[in-house]
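What follows is a set of notes on a single structure, which appears directly below.
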Amino acid sequence: PARCLLGGAGPGRRHRRPSLPGRRGAAAEDAAPAEPESLDQCLSLLPWDRFSAWLHCVCVVGFDLELGQAVEVIYPPHSKLTDKEKTNICYLSFPDSNSGCLGDTQFCFRFRRSPGRKVSLCCFLDQLDRDLPVYLKKDSAYYYGYVYFRQVRDKSLKRGYFQKSLVLISKLPYVHLFRTVLKQIAPEYFEKSEAFLEAVCSDVDRWPPPVPGKVLQLPIMGVIMKLRIPTYRDKPGTTPIVQNMHQTKLEMCFCPVFFHIQMLWELVLLGEPLVVMAPSPAESSETVLALVSCISPLKYCSDFRPYFTIHDSEFKEYTTRTQAPPSVILGVTNPFFAKTLQHWPHIIRIGDIKLPGEVPKQVKVKKLKNLKTLDSKPGVYTSYKPYLNKDEEIVKQLQKGVQQKRPTEAQSVILRRYFLELTESFIIPLERYVASLMPLQKCISPWKSPPQLRQFSQDDFMKTLEKAGPQLTSGLKGDWIGLYRHFLKSPNFDGWFRSRQKEMTQKLEALHLEALCNENLVFWSQKHTEVETVDLVLKLKNKLLQADREHLPVKTDTLKKLQTHINDIILALPDDLQDILLKTGTT
């Protein structure tokens, strides 16, 4: 679909609205990019700094006949995990006993970090984080666990089975990257044990920092992996995102609920409570990640758990019947959940993933009362009525691909493009309206505080839809107005709008800085009292600190120019004041 150029003035408009940061166009060049060289130097100061930029730690979880699942190894040894975090890792690193996962299995999980933890390398990683697309930004409240689980018969062990998981714990949602790393190292680790693990971690500690937009070379046990992390400037859908959490085989994940992908898109968009019941953690985590990704480039702002167990620390919170189910997507495999979560409004039952070439049968939406056990037939159990009319074309296109044995990757590309276009058609009218809340550039004065954004008005936004709604880019019919009304009450809208507000406010602060730089501040100070001049110097110093602290989208030259202004003003003052101001810090 056509994309809205945010902030552009209409024909004949003399005063333009400033274009917003983070959108494509001139504004994208405003932000000074992260300096990989300086980050390289900073991350070389201490041992394990480079490792910490990618991973929190590596754990080995085994099965003890007396203790049950237990963390056997944490590497590097100084890595800190609370008892609660260790317990979560223990239970989430093993499939439920009913899954019957023999051989090697890979999956991932997500769990809450314990509060009050100090984040190391915060400033460096935050600087990198600002250049990422919103859906790839890390959430400091959560860790991801990437698991390689092995279960094989072993008569020498009392239990008769060797059961062990190698787990990478990270704040980064780079599922494909860490899955690839585990495939490379886990089989050899199970043969060679701890010394091999130490060598792996030493390799990771030589990796460059995870700088978006740069091709990175990552050595791991004799193999060099090449990686490019996307930036917010990349056009959605054009970058081969080989490392992010959205790189799932969508077509396979949605195969059992083939005919309801559009309804699932609405449920995820609106932040509705969703349970995915699957036969294994691999299918559970793949499906939850596919659901979260289907509204990309919008960020899914609620909690989601690719694999969730009855031992999870949030089990009681998420399964209570005393209040409405929370806005969360849970992936489960234990049959116990079929009873525990029966009151949830939307349940997706995934069967065994079909092999390429098998045409999925039409699966009807079923009423929730039909869900008795986890062995119920695959399908979507809900009473939800979609706002939009069904798009028969995408279903036919995917069905044809199955019949013709089109490669799974090609099917996933078609489905991903469909979701992207649907989401962009939905979000463009909101982007266009929010851009209109930005004050005109003529309102920005160096001698006044930056102007405030206009308030978001639901009624005003709804009025724009008649002429500039999703019908401009999408042929889908239905109750778009109703969908928007519901969305405006959802956590996804709240998260999206807060992000836009922050970007626009920072843009106004940046433009205010530029306006100050373009003034003759020395001339101004000569016409005012020393008290007023000192006050100006302190305010300008605070502006520079704010630009650095909040990573304002200001050109480096602008900051240098402002520093020169400050120095020139101070040098024009009496010596005693010069000494004080040169030593004075800022608040």
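Treat the numbers as computed from the prediction; the structure is a model and nothing was measured. Computed from heavy atoms alone, side chains included, the values below leave out hydrogens, waters and symmetry copies.
In this structure, Y161 and L102 have side chains that are in contact, with non-hydrogen atoms separated by less than 4.5 Å. Counting heavy atoms from C-beta on, the side chains of L488 and F497 never come closer than 4.5 Å. In this structure the side chain of I350 never reaches within 4.5 angstrom of the side chain of M277, judged on heavy atoms. When side chains are defined from C-beta on, V288 does not count as touching L330, because their heavy atoms never get closer than 4.5 Å. Proximity of V275 to F337: side-chain heavy atoms (C-beta onward) are nowhere separated by under 4.5 Å. The shortest side-chain heavy-atom distance between L476 and Q471 does not fall under the 4.5 Å cut-off. Contact of the I261 side chain with the L398 side chain is registered, since non-hydrogen atoms from C-beta on lie closer than 4.5 Å. Two residues are said to be in side-chain contact when any heavy atoms from C-beta on lie closer than 4.5 Å; W54 and L218 meet this criterion.
Judged by distance alone, the side chains of Y381 and H346 never bring a donor and an acceptor atom under 3.5 Å apart. Side-chain N/O atoms of D104 and Y148 include a donor and acceptor closer than 3.5 Å. No donor-acceptor contact under 3.5 angstrom links the side chains of R179 and Q106, judged on distance only. Between the side chains of Y387 and H486, at least one donor N or O lies within less than 3.5 Å of an accepting N or O. There is no side-chain donor-acceptor pair under 3.5 Å between D131 and T231. With 3.5 Å as the limit, one finds no donor-acceptor pair spanning the side chains of Q411 and T408. Side chain to side chain, W265 and T423 meet the donor-acceptor criterion of an N or O pair below 3.5 Å. For S425 and S474, the side-chain atoms include no donor-acceptor pair closer than 3.5 Å.
With Y91 contributing its side chain and F308 its backbone, the two residues share no donor-acceptor pair below 3.5 Å. Judged by distance alone, with hydrogens and angles left aside, the side-chain atoms of S165 form a donor-acceptor pair with the main-chain N or O of S93 at under 3.5 Å. Judged by distance alone, the side chain of T320 and the main-chain N or O of E317 form no donor-acceptor pair under 3.5 Å. Checked by atom type and distance alone, the side chain of K171 never pairs as donor or acceptor with a backbone atom of K138 at under 3.5 Å. Checked by atom type and distance alone, the side chain of S284 pairs as donor or acceptor with a backbone atom of P306 at under 3.5 Å.
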>> As a quick check of understanding, evaluate side chain to side chain contact (heavy atoms under 4.5 Å, CB included) for K164 and V61, giving each step before the final call.
In response: CA-CA 6 Å; K164 196 161 283 195; V61 180; over 6 Å; no

>> Would V58 and V73 count as a side chain to side chain contact (heavy atoms under 4.5 Å, CB included) here? Give the steps.
In response: CA-CA 8 Å; V58 180; V73 178; over 6 Å; no

> Step by step, would you call Y142 with R113 a side chain to side chain donor-acceptor pair (under 3.5 Å)?
Replying inline: CA-CA 5 Å; Y142 291 89; R113 295 181 67 206; over 6 Å; no

>> Determine whether Q397 and Y418 satisfy the following criterion, side chain to side chain donor-acceptor pair (under 3.5 Å), listing intermediate values before the conclusion.
In response: CA-CA 11 Å; Q397 194 177 357; Y418 169 76; over 6 Å; no

>> Pair L216, M225 - check side chain to side chain contact (heavy atoms under 4.5 Å, CB included), show working.
In response: CA-CA 8 Å; L216 307 174; M225 297 188 299; over 6 Å; no

>> Working note: T473 + E421, criterion side chain to side chain contact (heavy atoms under 4.5 Å, CB included); need CA distance, chi angles, decisive distance, verdict.
In response: CA-CA 8 Å; T473 53; E421 291 178 357; over 6 Å; no

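Listed by chain and number, the residues in a side-chain hydrogen bond (donor to acceptor under 3.5 Å, both in side chains) with Y318 are R112, D303 (sequence neighbours excluded). In terms of the salt bridge (charged side-chain N to carboxylate O under 4.0 Å, His left out) criterion, R417 has no residue partners (sequence neighbours excluded). Under the side-chain hydrogen bond (donor to acceptor under 3.5 Å, both in side chains) criterion, N492 pairs with no residue, sequence neighbours left out.
Around CZ of R321, the count of heavy atoms belonging to other residues, nucleotides or ligands within 6.0 Å exceeds 12.
Atom OH of Y143 is separated from atom OG of S170 by 9.0 Å, given to the nearest 0.5 angstrom. Distance check: T309 OG1 to F315 CZ gives 8.5 Å after rounding to the nearest 0.5 Å. In this structure, L267 CG and E272 CD are separated by 6.0 Å, a value rounded to the nearest 0.5 Å. Once rounded to the nearest 0.5 Å, the distance linking OG of S280 with CG of D96 reads 10.5 Å. L298 CG to W496 CH2: the interatomic distance, rounded to the nearest 0.5 Å, is 8.0 Å. Remark: Y307 OH to E283 CD distance equals 12.5 Å, nearest 0.5 Å.
For the pair R150 and F190, the NZ or CZ position fails the cation-pi test of under 6.0 Å to the six-membered ring centre and within 45 degrees of the ring normal.
Using a 4.0 Å cut-off between charged side-chain N and carboxylate O, R500 and E503 make a salt bridge. Classification of E85 and K80 as a salt-bridged pair fails, no side-chain N sitting under 4.0 Å from a carboxylate O. Ion pairing between a basic and an acidic side chain is recognised when a charged N comes within 4.0 Å of a carboxylate O; K385 and E266 show no such pairing. With respect to R110 and D139, a salt bridge is recorded, a charged nitrogen being found less than 4.0 Å from a carboxylate O.
Between F109 and F111, the ring planes are tilted. Angles from 30° to 60° get that label. Ring orientation note: the planes of F304 and Y144 are tilted relative to one another, at an angle of 30° to 60°.
Y146 pairs with exactly one of F107, F178, Y174 by the ring pair (Phe, Tyr, Trp, His ring centres under 6.0 Å) rule, that one being F178. When L177, T180, V215 are each tested for a side chain to side chain contact (heavy atoms under 4.5 Å, CB included) with L227, only one passes: L177.
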